[in-house]
Every structure is written in C-alpha cells, then in structure tokens.
Amino acid sequence: MITFMNNSDSEEEPCNERTSLMSAESPPVPSYQDGLQASEAGETQAHRKRRAGSSRGPNNIAGGEMSGSGVPVRERALENEEEELTLKYGAKHVIMLFVPVTLCMIVVVATIKSVRFYTEKNGQLIYTPFSEDTPSVGQRLLNSVLNTIIMISVIIVMTVFLVLLYKYRCYKFIHGWLILSSLMLLFLFTYIYLGEVLKTYNVAMDYPTLFIVIWNFGAVGMICIHWKGPLQLQQAYLIMISALMALVFIKYLPEWSAWVILGAISIYDLMAVLCPKGPLRMLVETAQERNEPIFPALIYSSAMMWTVGMAKPDTAARGPSQQTWDAAEDGREHLRSPSHAESQMSETRSPVPTRPVTSLEELEEEERGVKLGLGDFIFYSVLVGKAAATASGDWNTTLACFVAILIGLCLTLLLLAVFKKALPALPISITFGLIFYFSTDNLVRPFMDTLASHQLYI
Amino acid sequence: PAFGLFIFTIARDPLRIIILIAGAFFWLVSLLLSSLIWFIAVKASDPQDERLQKGLLIFGVMFSVLLQEAFRFLYYKLLRKAIEGLVALSEDGCSPISIQQMAYVAGVGFGLMSGAFSMINLLADALGPGTVGIHGDSQLYFLTSAFMTMVLIFLHTFWGILFFHGCEHRRWWEIAAVVIMHLTVSGSSFCNPLYVGSLVPSYLLMAAAATWAYLLSGGSAQNLRRFLLCKC
C-alpha cells in the first residue's frame with residue numbers, strides 16, 4: 001500500500017503484502033496552511049510519544065485533526081491548495097520512492113545475474129505444493145493455479161488473523177510475532193545470502209568472521225528497524241530485507257506459479273484495500289477510530305517523523321516547518337518504526353510478504369513523504385528478478401519491466417494525490433510489468449535480435 | 001555521454017526524472033507496437049524466403065520509425081496538458097518547467113531507452129570472450145555499435161527539441177524534417193557493415209540537428225563564444 005501516512009496493516013505470515021496507497025485525511029494540509037492548523041498539529045504532535053518498542057503511539061495528527069472541529073471544513077476550503085501542494089511536491093515524493101524501489105531492483109537483479117544459487121530449483125515452499133515438472137501444459141497450468149489459490153488463501157487467512165488480533169488488542173502478540181520474523185529474516189536469510197555470494201566469488205571466510213559480521217549486521221538491523229536509528233540506515237535495511245525476501249521468492253516459486261501469483265496478488269490487493277469489507281481497509285479504519293498508528297510496520301517511508309520525547313522541539317520545529325515547506329522537509333530526520341514488517345516474517349520457513357502499512361500518525365508530516373509498503377517492494381523486485389532470471393531476452397526485458405513498474409508507481413502516486421486515501425500500489429505496476437514482460441519477451445526480442453544481427457537501428 | 005547528460009542536467013530535478021521515465025515508457029510502447037506488427041508480418045509470411053524477410057525487416061524498421069515519431073507527438077500532447085496543469089497548480093502562475101526543458105528531457109528519455117535497447121545485450125555479450133567478428137563479420141562491430149548508439153541518443157535528444165518546437169509554433173515543416181531525418185538515419189544503417197555509409201551521414205546529420213536545436217533554444221554564436229571564453 002502506498003499511503004500518505006496512513007497505517008495499514010502489514011504482513012501476514014506468508015506473503016501478505018498489502019500494498020495500498022493510503023492517503024491520510026489530512027495530508028497536504030499542514031504544510032503552508034494557517035498557523036492554526038500548524039499549532040493544532042503541534043499540539044497533537046507534542047502529545048505523541050513514540051515508543052521504542054510499543055506500537056501504539058498516541059494520536060496521530062490525523063486523529064487529532066479529525067477530532068478537531070474545523071478539520072473537515074478547513075479541508076474543503078483548502079482542498080485546492082492541498083491538491084496543488086500535493087501535486088507540486090508530488091514529483092519529489094515520487095522520486096523519493098523511485099530511488100529505493102530502483103535500488104532494491106538493482107540489488108535483486110545483480111544477485112540473480114551473478115549468483116547461481118538463486119536460479120537453481122531446489123525445491124519449493126510448502127505453500128506451493130504442486131510441482132510444475134509435469135509433462136503436459138494443461139497439467140502445469142492447473143498446478144500453478146492451484147498453487148496460487150493456496151498461497152492467496154494463506155495470505156487472506158493471515159491478514160484476517162492479524163486484523164482480528166489488532167481488533168482485540170493483542171498487541172504483545174503481534175509485536176512478538178513481528179520481532180520474531182524480523183529476527184529470522186535478518187539472521188537466517190542474510191547468512192544464506194552471504195554464503196552464496198562468497199561461494200560465487202570464491203572468497204574464503206572463516207566462521208568466526210562470518211559470525212561477527214552477521215551478528216553485527218543483524219543486531220544493528222534489529223535496532224534500526226524496531227527502535228531508533230538514522231533514517232538512511234533504516235531505509236537501507238528495509239531495502240535489503242525486501243531484496244532478500246524477493247530473492248527467496250524467486251528461488252522457491254516455480255515459474256508459472258510465480259506469474260500467476262503476481263497477478264492474483266494484485267487483484268487481491270485491489271480488493272483488500274478498496275472493498276468495504278476488505279481486511280486491510282478494516283484495519284485502517286480501526287486504527288483510525290482508535291487514533292493509533294496501525295503498526296509500525298512494514299512500511300518504507302521516504303521521510304519519517306518521529307517524536308519520541310521531543311515534545312518541545314517538535315512543536316517548535318513544527319511551527320517553522322509549517323511555514324517553510326522545504327525547511328521542514330530537510331530539517332528533520334525522524335524515524336519511523338517499521339518493525340512491523342519484519343514481524344510478519346514469521347517463524348515459518350517461508351517469508352511473508354509484508355504489507356505496507358502507513359501510519360496515520362505521521363500525518364502532519366505529509367510532506368515528509370509517502371509511505372510504501374515493503375510488500376510492494378518485494379513484489380516489484382520479484383517481477384523484475386524473474387524477468388532477469390528467466391527471460392531469454394535478458395536485459396531488454398528486465399529494462400522494460402523496470403520502466404513499466406516505475407511508470408505504474410508514478411500513476412499510482414498520481415491517483416493517490418487525487419483520491420487522498422489508501423490505494424493499492426500493486427495492481428497498476430504489476431499489470432504494466434506483466435504486460436511488458438510477456439510482450440517484450442515474445443514480440444520485441446525477436447525483432448531486436450534481428451535488428452542487432454544486421455546492425456540496423458531504429 | 002548520454003548518462004553524463006542525465007546526471008548533470010536531469011538528476012537534480014524530480015519532475016525531469018519523471019518526464020524522462022515517461023518518455024522512455026512511450027518509446028517502449030512504440031517499440032512494442034512496431035514489433036508486434038513486424039512479428040505478425042513475419043509469422044504470416046514465408047520464413048524461407050530471404051528477400052522477403054529482408055524486405056519485411058526494412059518495412060518493420062520504417063514503420064517503427066514512424067511509430068516512434070507518432071508517439072513523440074502523443075507525448076507532446078500529454079506534456080502540453082501537464083504543463084497547463086502545472087501552471088494552474090503553481091503558486092506564482094508560471095510553470096516550474098518550461099516546454100523546452102520538457103522537450104529536451106523527453107528527447108533524452110527517448111534516446112536513452114532506444115540506446116539502452118540497442119546496446120545492452122551487446123554490452124553483456126562484450127563481457128564474454130573477445131572474439132568479435134570471427135566469422136568474417138566486421139571486427140569493428142562493437143565500436144561502431146557504440147558510436148552509432150551514441151549518435152542516435154544525441155539525435156533523439158535534438159529531435160525532441162526540434163519536434164516540440166515545431167509543434168509549439170505550428171511549423172509543420174520542422175516536424176516533417178525531423179521525421180525525414182529519422183528515416184534517413186535508420187535507412188543509412190542499412191548500409192552496415194559498410195560503416196562509412198551509415199556513421200558519417202549520421203554524424204553530419206547530428207551536427208546539423210545540434211546547431212538547429214541550439215539556435216532554436218535561443219543560443220547564438222555570441223553566447224557560445226562567451227560561454228567558452230568565460231569558463232576557460
């Protein structure tokens with residue numbers, strides 16, 4: 001999900017990735033609006049304390065604003081300006097999201113191209129029990145569809161489970177779950193990844209060194225993601241774990257199943273976020289009712305606001321920041337608490353895609369950036385990585401998918417600016433990506449190959 | 001060089017990056033459609049007939065060129081609308097990015113994508129063993145490909161500027177000139193591997209297009225001299 005600081009729930013065990021784009025109610029408002037709003041935002045902000053470990057921060061601005069009287073009116077009155085503001089700074093946000101998505105894809109493609117391990121078929125996850133080694137096309141298709149159904153139903157179950165947990169306030173459980181899955185992800189998968197990379201490049205490393213390296217990496221990652229840490233580092237860690245997850249998916253999902261799953265998940269995403277009874281939407285609404293951040297989750301935020309114990313400076317900073325958009329943007333580096341996503345990776349063997357959640361709290365920081373769920377990252381990277389791994393047209397196909405995904409992301413962000421509510425980030429991008437993948441592989445490749453062999457240029 | 005252009009002129013401004021990616025996307029779509037047509041034509045024809053295949057290829061190339069220009073036009077239309085939107089949205093009534101900058105960026109987008117598609121598989125193969133042209137083909141394959149790609153990227157950039165300028169001022173002959181130039185360049189590549197036939201005209205055309213675009217963008221000989229003298 002892409003949200004403008006909305007919360008949405010993140011992940012479920014097996015790949016749930018919720019990608020929705022959410023736009024909090026009060027997105028662009030704070031920026032240069034009246035001082036009134038700024039002060040209101042400031043107050044709510046002052047009251048918010050971010051917990052290091054607990055997931056429920058106090059109110060978010062949105063909550064505060066919603067409870068504030070004039071918000072709806074103000075919103076309408078300022079709608080135009082808001083839209084202007086959103087669209088005007090939309091470009092910047094888009095780039096802030098382009099960069100990490102690109103980085104993640106680059107990491108995945110580089111690994112796929114160089115490390116053999118991730119393209120070997122060494123078995124499948126338990127979530128995709130049907131093998132695709134069958135002789136007939138029909139059977140293979142059937143198996144992949146069955147695999148997809150199983151995977152999607154697991155995701156749905158997990159999402160609903162998470163929503164129920166959230167509804168009944170079993171926060172400790174969710175937290176523990178998140179921490180456990182992030183632990184597994186950071187340590188186990190990194191170990192495997194590092195091992196394979198070292199094998200590929202024939203670099204010897206002894207166990208003590210390996211242990212120290214992985215321990216440091218994992219420990220810093222845990223702290224950074226679940227607690228505090230520099231923004232860049234946290235973003236880097238999120239990108240890395242998304243890449244790791246995507247790599248695991250690429251390795252363990254059989255060919256056709258992967259494509260069908262990608263398609264099915266975008267449809268699921270669309271429904272889960274937009275339908276009134278969709279689990280994601282219920283989660284968001286519940287969080288909004290309670291004025292809580294949904295989950296510090298599996299969300300990548302382009303800029304984060306963190307107000308732990310910074311009441312005074314916050315309000316102070318908030319004032320000027322309200323006036324000067326840019327200053328606010330650049331000045332504060334706040335952390336968000338994304339651990340949510342990791343938690344989703346749970347104890348089970350298969351990593352779970354995390355759903356993006358955006359927190360409502362960070363609202364007043366609308367210009368702080370848009371939030372994109374980590375699940376989105378993962379599935380974009382899976383698409384591009386699969387294109388790199390299996391397409392015979394190699395780089396052309398990969399490039400085409402890459403551009404398609406970026407354009408899809410652009411369009412989704414545009415829609416976000418227009419609709420101002422949580423939107424699924426997956427469907428448009430994945431649709432474009434799939435179209436471009438299949439068409440480039442089958443249509444463009446022979447054309448380009450023939451052109452290249454005659455050295456013709458178009 | 002094209003990448004350098006990107007870094008120095010485009011990477012700073014997010015709006016330009018978006019326009020660039022969208023430009024690349026439009027080029028890609030045009031390529032897709034043209035290869036679709038070519039593919040259908042090939043499938044519908046006899047694969048054994050060499051002349052026919054060659055003829056179809058030529059037809060495919062020409063058609064693709066025309067499609068690219070058509071998409072450039074479509075992109076121009078889209079950007080026009082976008083600029084109106086941006087002007088309406090901006091606070092002080094003028095757009096944060098001018099149509100010429102957009103033309104430049106769109107041209108670079110087209111060029112980068114076309115260059116990437118032409119070169120990237122070549123580059124990947126170039127990492128392999130050094131056996132260029134061992135079967136009697138020209139040994140200069142990589143070099144000429146590199147130069148040709150570069151000239152094409154630059155040409156796309158200039159064509160973008162010229163094209164948009166022509167659309168802005170309703171000068172149809174400018175647009176026609178761009179299309180004809182594109183056709184000429186592609187056509188000249190048919191002379192490969194007789195490289196003198198393709199590279200030289202392309203470079204000449206590029207120089208011509210460059211000067212024209214420069215003049216259109218408001219430059220002049222004095223500006224150039226001042227720039228060169230002041231800076232160095």
Side-chain angles (χ1 to χ4, degrees), chain A residues 32 80-99 102 113 325 392-411 413-414 417 432 435-436 438-440 442-458, chain B residues 13-18 21-22 24-25 27-29 31-36 38-40 42 53-54 57-58 60-62 64-65 68 85-86 88-91 96 113-114 116-118 120-124 137-138 141 144-145 148-149 151-152 182 185-186 188-190 192-193 195 198 202:
Chain A
Y32 61 89
N80 284 344
E81 288 146 356
E82 282 178 21
E83 279 184 27
E84 285 178 25
L85 210 49
T86 318
L87 282 179
K88 185 171 179 181
Y89 295 97
K92 189 147 189 208
H93 296 163
V94 172
I95 300 305
M96 291 201 282
L97 281 186
F98 266 12
V99 174
T102 314
K113 286 286 182 192
W325 180 268
S392 30
D394 274 355
W395 295 94
N396 280 349
T397 326
T398 316
L399 252 188
C401 288
F402 170 69
V403 172
I405 289 184
L406 285 186
I407 293 288
L409 195 61
C410 250
L411 283 176
L413 284 171
L414 199 68
F432 276 179
I435 294 178
F436 271 81
F438 285 113
S439 48
T440 314
N442 297 322
L443 296 175
V444 177
R445 193 177 39 87
F447 188 45
M448 292 308 288
D449 284 344
T450 333
L451 284 183
S453 61
H454 295 275
Q455 224 177 3
L456 298 177
Y457 285 90
I458 57 165
Chain B
D13 187 6
L15 200 55
R16 295 186 200 170
I17 296 186
I18 297 181
I21 304 274
F25 180 70
W27 186 86
L28 205 60
V29 175
L31 179 69
L32 203 71
L33 289 176
S34 48
S35 55
L36 178 70
W38 179 79
F39 193 73
I40 295 178
V42 165
Q53 293 300 317
K54 194 103 203 286
L57 198 62
I58 296 181
V61 169
M62 295 301 162
S64 169
V65 167
Q68 279 179 42
L86 280 176
L89 288 183
S90 81
E91 295 172 330
M113 208 53 191
S114 114
F117 262 68
S118 314
I120 202 127
N121 277 332
L122 232 58
L123 285 175
D137 296 317
S138 162
Y141 189 72
T144 43
S145 302
M148 192 71 189
T149 313
V151 81
L152 205 59
H182 198 168
V185 169
S186 291
S188 72
S189 70
F190 287 132
N192 285 336
Y195 292 124
S198 69
S202 311

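Since the model is a prediction, treat every value here as computed from it, not as a measurement. In the text below, chain A, chain B and the rest are named by the order of the sequence lines, each starting its count at 1.
Note that OG of A/Ser439 and CG of B/Leu28 are 8.0 Å apart. Values are rounded to the nearest 0.5 Å. In this structure, CZ in B/Phe25 is found 7.5 Å from CG in A/Leu411, a value given to the nearest 0.5 Å.
Under the 4.5 Å side-chain criterion, counting only non-hydrogen atoms from C-beta, B/Val29 is in contact with A/Phe436.
For a residue to count as touching a neighbouring chain, one of its non-hydrogen atoms must lie under 4.5 Å from one of that chain's; by this rule B/Phe39 touches chain A with the side chain only.
Under the rule for a side chain to side chain contact (heavy atoms under 4.5 Å, CB included), the partners of B/Ile40 that lie at least two apart in sequence or sit in another chain are B/Leu36.
The shortest heavy-atom contact between A/Val403 and B/Ile21 is CG1-O, 4.1 Å.
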